[in-house]
Amino acid sequence: MSFFVTFPDGTRAEFERAAAASEALSGRVRPADLVACKIDGRVSDLARRIDSDCSLEPVLKGSAEALDVLRHSVSHVMAGVVLGMFPGGKTAIGPAIQTGFYYDFDLPRPLTEDDLAEIERRMAEVLRTSASFRREELAPAKAREMFRDQPFKIELIDDILKDDPKAAISIYTHDGFTDLCAGPHVASTSVIPAEGIKILSIAGAYWRGDERRQMLQRVYGTAFFSADDLKAHLDRLAEIERRDHRKLGKELDLFSIHQDLGPGLVLWHPAGAVIRREIERFWVDEHVRRGYETVYSPHIASERIYERSGHLEAYSDMMYAPMDIDGQKYRAKPMNCPGHITIFQNRRRSYRELPMRLAELGTVYRYERSGVLHGMLRVRGFTQDDAHIFCSRAQLRQEIYGVLDLFDAMMKVFGYSCKVYLATRPEKYIGTDEEWDFATGTLRKALEDRGSAFEVDEGGGVFYAPKIDLKMLDALGREWQGPTCQVDLNLPVRFDLNFVNAEGRDERAVMVHRTVLGSMERFVGGLIEHYAGAFPLWISPVQAVIVPVTKRQLAYAGEAASAMKAKGLRVKVDDRSEKVGFKIRELTIQKVPYVFVAGEREEKAGTLSVRTYHRGDEGAAPIGDCVSRLAAEVESKSLPQSS
RNA sequence: GCUGCAGUAGCUCAGCGGCAGAGCACUUCCUUGGUAAGGAAGAGGCCAUGGGUUCAAGCCCCAUCUGCAGCUCCA
């Protein structure tokens with residue numbers, strides 16, 4: 001009873017008797033690169049026995065699957081070590097994740113930083129021996145018996161058995177530590193390089209992610225096949241920290257958040273306000289150019305409007321408590337749509353007025369739980385770059401084109417590339433199937449017509465709307481929530497949004513919600529990290545500083561500054577009695593894009609020595625050239641060379 | 001909200017029961033210099049807040065507030 005194994009190159013080999021996957025692969029790959037295998041596409045142990053026809057593929061170092069197997073195995077090694085340090089400790093789960101792995105424990109005391117070092121030390125010890133990972137399959141009763149002191153494991157076993165009462169329970173043992181685990185694992189700890197491992201942090205995590213259940217201690221770590229890969233990862237973490245908008249925000253004096261003012265409420269300092277103002281100015285210009293009209297709506301509104309919109313019912317948890325005004329309940333505005341709808345509803349609308357595009361940089365207030373607040377990225381008061389388009393069904397597709405064009409244009413200016421998603425009907429939804437089909441179909445058609453590459457996020461829509469979501473990729477390749485465009489199937493009904501069509505009859509209006517930047521807070525916070533604080537010239541708080549070499553050039557520096565200011569540039573003269581080197585250092589730390597040195601030589605020649613943040617000393621140029629160079633760079637909104 | 005950790009000068013941090021500290025920033029003075037730190041002096045504090053323990057608390061204990069990491073959540 002022989003069988004055939006098919007390899008990725010298409011060759012087939014006949015086997016007379018059952019063999020371990022590693023044996024079947026021997027001679028086909030370098031043993032040192034072999035981490036695991038795929039049997040019929042499923043990642044498996046190398047020791048897994050093959051006894052029937054199948055396809056077999058090696059999983060080699062360098063592949064994502066190999067890294068997962070490695071990390072999962074390292075999490076077991078860590079768990080073994082932690083239990084060695086805390087006999088009687090309970091283990092929960094310990095999977096590989098995108099950036100490493102973690103393991104959740106219930107331990108007699110909280111872990112400390114020192115414990116992490118100790119864990120790492122003991123792991124290195126374990127890895128010095130070469131212990132094999134052994135898989136066994138147990139009958140349910142036996143598995144229960146084996147894990148009788150491990151309540152989390154028992155719960156997992158029960159769950160497995162709920163699906164299949166006769167399931168074999170697989171366990172893995174290495175170095176005397178046995179864990180309930182589906183696998184697969186590396187064949188032996190000798191595959192794991194101690195110098196590729198780092199235990200990173202401790203944090204709380206709910207058992208099974210359920211906030212009503214026990215809080216466990218989660219230990220995060222990461223693992224790579226080489227010290228170089230680990231270093232690259234740690235360097236990246238350091239770079240992320242270096243770019244942290246909270247840190248840069250403080251260093252560059254852009255914004256602050258104060259206990260006395262309240263958590264989640266941002267104060268924009270003058271420098272940060274320049275960035276925001278320039279972006280808002282650009283935003284308004286761009287919208288007006290594209291046929292939007294700007295509006296303003298108040299920060300508080302009678303509760304009645306939110307009753308009607310349904311927000312009060314669905315999202316009251318995120319709305320601030322009502323305030324009593326002349327016996328009426330008012331609420332801080334949590335979203336702009338009711339205001340815009342009210343403007344649309346103000347009188348009967350004719351089809352001739354459509355599409356009506358109402359845009360507002362509207363400030364809203366939402367209650368966010370204290371634990372989720374994060375610098376400018378997650379706050380309780382923020383300004384959305386919001387717009388609502390009221391149009392007819394016939395106009396919808398054209399409007400979506402316009403929105404997508406706007407998204408592209410604005411993302412390009414900031415240097416973000418985007419991934420596009422079409423989020424379709426979720427399980428819970430309102431509205432009719434016909435409406436959903438129309439709305440989703442129109443979005444899909446618009447994307448297809450433009451030839452944009454997009455993925456479908458099946459069921460990812462909101463309960464009242466399908467949407468197009470853009471995820472922005474920043475300079476570090478991280479994803480950020482980007483522009484979004486929703487076709488609302490709810491509010492037009494709730495508010496009975498109609499217009500008089502060409503036949504003189506009422507027709508239901510279609511409503512589109514869309515935002516490009518999201519919120520000024522989150523967007524600018526993200527931009528700080530995207531640019532690492534070195535902003536493109538057009539939004540730089542200070543665009544240029546003129547540094548006189550001695551006080552004899554103060555007047556000349558002033559003249560140069562005036563020439564720049566006349567062109568609307570944000571320029572300062574650094575007139576402090578410090579050396580040039582000192583000023584350059586400080587201005588560089590402040591990431592000023594242009595520093596112009598004005599000494600005796602420059603004054604005689606009517607020039608300035610140009611120094612840019614990204615390229616350093618560029619030599620002298622006439623004042624007029626400097627001015628026009630900066631003016632042109634502002635006008636074109638050029639991106640910094642380095643990002 | 002939950003678990004853990006933290007809160008000392010504007011910033012970054014040291015001090016861990018016994019006189020409140022450093023560097024940078026700030027002010028003044030000297031220095032007028034050529035592409036990432038010239039020198040000196042000075043000023044700056046209810047050690048997050050409220051209780052408690054102690055002869056004595058920045059330090060130990062409790063509570064609250066705020067921040068950080070993660071979890072959960074995010075129309």
Side-chain angles (χ1 to χ4, degrees), chain A residues 97 102 104 106-107 109-113 115 200-220 241 244 246-247 250-251 253 256-264 306 309-319 334-337 364 366-375 377-380 382 384 461-465 467 481 484 486 488 490-491 513 515 518-519 522 547-554 575-590 595-602 609-613 616-620:
Chain A
I97 53 175
Y102 66 80
D104 287 347
D106 178 23
L107 301 173
R109 67 162 172 85
L111 291 169
T112 65
E113 289 291 317
D115 292 327
L200 293 168
S201 59
I202 322 145
Y206 300 108
W207 168 232
R208 311 206 105 177
D210 185 338
E211 66 178 316
R212 290 164 307 199
R213 305 200 63 178
Q214 188 180 352
M215 178 67 73
L216 303 169
Q217 294 196 66
R218 174 170 297 180
V219 181
Y220 281 94
E241 199 176 324
D244 191 306
R246 293 165 299 181
K247 187 178 153 79
K250 205 175 266 181
E251 286 170 7
D253 199 12
S256 60
I257 294 166
H258 290 269
Q259 189 171 339
D260 294 344
L261 203 77
Y306 302 116
S309 69
H311 290 109
L312 203 58
E313 190 191 347
Y315 308 112
S316 62
D317 285 355
M318 304 208 70
M319 293 171 65
M335 74 295 301
N336 301 303
C337 10
V364 297
R366 299 179 186 178
Y367 173 72
E368 297 278 5
R369 298 212 280 175
S370 62
V372 307
L373 300 174
H374 183 88
L377 301 182
R378 194 78 181 270
V379 293
R380 287 178 173 165
F382 55 94
Q384 284 185 306
V462 212
F463 72 91
Y464 60 81
K467 56 179 181 171
Q481 176 62 51
T484 178
Q486 310 175 344
D488 193 326
N490 177 39
L491 292 177
H513 305 246
T515 171
S519 84
R522 181 176 287 191
V547 175
V549 175
T550 75
K551 61 185 171 196
R552 288 189 299 280
Q553 287 87 41
L554 266 178
D575 58 2
R576 295 174 301 172
S577 77
E578 296 289 352
K579 291 189 170 185
V580 174
F582 177 89
K583 293 183 186 177
I584 300 255
R585 171 184 154 79
E586 213 165 72
L587 296 169
T588 304
I589 289 169
Q590 285 298 306
V595 173
F596 294 107
V597 177
E600 202 177 337
R601 291 199 295 273
E602 288 79 6
S609 256
V610 183
R611 185 190 171 87
T612 68
Y613 177 78
D617 193 348
E618 293 187 1

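Just so it is clear: chains get the letters A, B, ... in the order the sequence lines come, proteins before strands, and each one is counted from 1.
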- Query: With both distances under 3.5 Å as the test, what is the Watson-Crick or G-U wobble partner of B:rA57?
  - Reply: none
- Query: What is the distance from CG of A:Leu312 to P of B:rA75, rounded to the nearest Å?
  - Reply: 18 Å
- P gap between B:rG50 and B:rC74, integer Å: 38 Å
- Query: So what does A:His258 touch, heavy atoms closer than 4.0 Å: a base, only the sugar-phosphate, or nothing?
  - Reply: nothing
- May I ask which nucleotide in the shown strands pairs with B:rA40, Watson-Crick or G-U wobble, both distances under 3.5 Å? B:rU28
- Note on the structure: Note: for A:Pro548 and A:Ala205 on RNA chain B, the residue whose nearest nucleotide lies more 5' is A:Pro548
- Query: Contact class for A:Arg601 vs. all strands (heavy atom < 4.0 Å): base, sugar-phosphate, or nothing?
  - Reply: base
- Message: Please confirm whether the shortest side-chain N or O distance from A:Tyr613 to OP1 or OP2 of B:rA36 is below 4.0 Å.
- Response: no
- Query: Hey, is the side chain of A:Glu602 pairing donor to acceptor with the base of B:rG34 inside 3.5 Å?
  - Reply: yes
- To the nearest angstrom, how far is A:Met215 atom CE from B:rC5 atom C1'? 14 Å
- Closest-nucleotide ordering on RNA chain B, the 5'-leading residue of A:Lys583 and A:Leu373: A:Lys583
- Message: Could you check whether A:Arg611 pairs with A:Asp617 (Lys NZ or Arg NE/NH1/NH2 to Asp/Glu carboxylate O, under 4.0 Å)?
- Response: no
- Task: Give A:Ser609 one of three labels, base, sugar-phosphate or nothing, depending on what nucleic acid heavy atoms sit under 4.0 Å from its own.
- Result: base
- Hey, does A:Tyr102 reach any base, or is it just sugar-phosphate, or nothing, if we go heavy atoms under 4.0 Å? nothing
- Message: Roughly how many Å apart are B:rA57 and B:rA40, using the C1' atom of each and rounding to a whole number?
- Response: 38 Å
- Task: Scan every strand shown for a Watson-Crick or G-U wobble partner of B:rC71, both distances under 3.5 Å, and answer none if you come up empty.
- Result: B:rG1
- Check the distance between B:rC68's C1' and A:Leu200's CG and give it to me in whole angstrom. 16 Å
- Item | Atom-to-atom span, CD of A:Glu211 to C1' of B:rC73 - whole angstrom | 7 Å
- Side chain of A:Arg576 - closest among B:rC26, B:rG1, B:rU32: B:rC26
- Query: What pair of heavy atoms forms the shortest contact from A:Leu373 to A:Pro263, and how long is it?
  - Reply: CD1-CB, 3.8 Å
- Of the listed B:rA36, B:rG70, B:rA75, the closest approach to the A:Met335 side chain comes from B:rA75
- How would you label the contact of A:Tyr220 with the nucleic acid (heavy atoms, under 4.0 Å): base, sugar-phosphate, or nothing? sugar-phosphate
- Task: Kindly say whether A:Lys583 contributes a backbone atom to a donor-acceptor pair with the side chain of A:Glu586 at under 3.5 angstrom?
- Result: no
- Are the side chain of A:Glu313 and the backbone of A:Gly310 linked by a donor-acceptor contact shorter than 3.5 Å? no
- Between B:rA37 and B:rC60 - C1' atom distance, rounded Å: 42 Å
- B:rA75 to B:rG17 separation - P atoms, rounded to the nearest Å: 49 Å
- Query: Considering residues at least two apart in sequence or located in another chain, which fulfil the side-chain contact (heavy atoms from CB on, under 4.5 Å) criterion with A:Ile202?
  - Reply: A:Leu111, A:Leu116, A:Gln217
- A:Asp244 meets the salt bridge (charged side-chain N to carboxylate O under 4.0 Å, His left out) criterion, sequence neighbours left out, with A:Arg246
- Message: If you go through the side-chain atoms of A:Ser577, does one of them form a donor-acceptor pair with the base of B:rU32 closer than 3.5 Å?
- Response: no
- Item | Closest to side chain of A:Thr550, choosing from B:rC71, B:rU32, B:rG4 | B:rU32
- Task: Could you state the atom-to-atom distance from CZ of A:Arg246 to C1' of B:rU66 in whole Å?
- Result: 14 Å
- Message: Is the phosphate of B:rA75 approached by A:His513 (side-chain N or O, under 4.0 Å from OP1 or OP2)?
- Response: no
- Task: Could you pull out the closest heavy-atom pair between A:Thr550 and A:Gln553, with the gap in Å?
- Result: N-OE1, 2.8 Å
- Tell me whether the OP1 or OP2 atom of B:rA69 has a side-chain N or O from A:Ser201 closer than 4.0 Å. no
- Message: As a test of reading the structure: which of B:rA75, B:rG4, B:rU66 is closest to the side chain of A:Gln259, going by heavy atoms?
- Response: B:rU66
- Query: With respect to the side chain of A:Tyr206, which nucleotide from B:rA25, B:rA36, B:rC2 is positioned closest?
  - Reply: B:rC2
- Item | Among B:rC74, B:rG38, B:rG70, the one nearest A:Phe582 by side-chain distance | B:rG38
- Query: Given the C1' atoms of B:rG45 and B:rC19, what is the spacing between them in whole Å?
  - Reply: 15 Å
- Tell me: CD of A:Glu578 to P of B:rA36, nearest whole Å? 15 Å
- Query: Rounding to a whole Å, what distance do you find between A:Ile257:CD1 and B:rA48:P?
  - Reply: 21 Å
- Task: With heavy atoms under 4.0 Å as the rule, sort A:Val462 into base, sugar-phosphate or nothing.
- Result: sugar-phosphate
- Query: Would you say A:Tyr306 and A:Met335 make side-chain contact, with heavy atoms under 4.5 Å?
  - Reply: yes
- Task: For nucleotides B:rC47 and B:rG7, find the distance between their P atoms and express it as a whole number of Å.
- Result: 14 Å
- Task: Determine the contact category for A:Glu600: base if any of its heavy atoms lies under 4.0 Å from a base atom, sugar-phosphate if only primed atoms, P, OP1 or OP2 are that close, otherwise nothing.
- Result: base
- Task: Tell which nucleotide pairs with B:rC13, taking only Watson-Crick or G-U wobble pairs whose two distances are both under 3.5 angstrom.
- Result: B:rG21
- Message: If you count every heavy atom of other residues, nucleotides or ligands that lies below 6.0 Å from A:Glu600 atom CD, does the total exceed 12?
- Response: no
- Note on the structure: Among B:rC73, B:rA69, B:rA36, the one nearest any side-chain atom of A:Val372 is B:rC73
- Query: Contact class for A:Gly371 (heavy atom, under 4.0 Å): base, sugar-phosphate, or nothing?
  - Reply: base
- Assigned partner base of B:rA48, Watson-Crick or wobble definition, under 3.5 Å: B:rU64
- Give one of base, sugar-phosphate or nothing for A:Gly209, where a contact means two heavy atoms less than 4.0 Å apart. sugar-phosphate
- Message: Mind checking if A:Ile584 touches a base, just sugar-phosphate, or nothing, with heavy atoms under 4.0 Å?
- Response: base
- On a plain distance test, is the side chain of A:Arg213 in donor-acceptor contact with the base of B:rC71 below 3.5 Å? no
- Item | From B:rA75, B:rU66, B:rU32, nucleotide with atom closest to A:Pro263 side chain | B:rU66
- Message: When the C1' atoms of B:rC26 and B:rA48 are compared, how many Å lie between them, rounded to an integer?
- Response: 24 Å
- What's the NZ-P distance between A:Lys250 and B:rA25, to the nearest Å? 18 Å
- Query: Looking only at atom C1', what distance separates B:rC2 and B:rG18, rounded to whole Å?
  - Reply: 40 Å
- Item | No-H, no-angle donor-acceptor pair, A:Arg369 side chain to B:rU72 base, under 3.5 Å | yes
- Message: Quick one, A:Val595 and A:Ile584 - any side-chain contact, counting heavy atoms below 4.5 Å?
- Response: yes
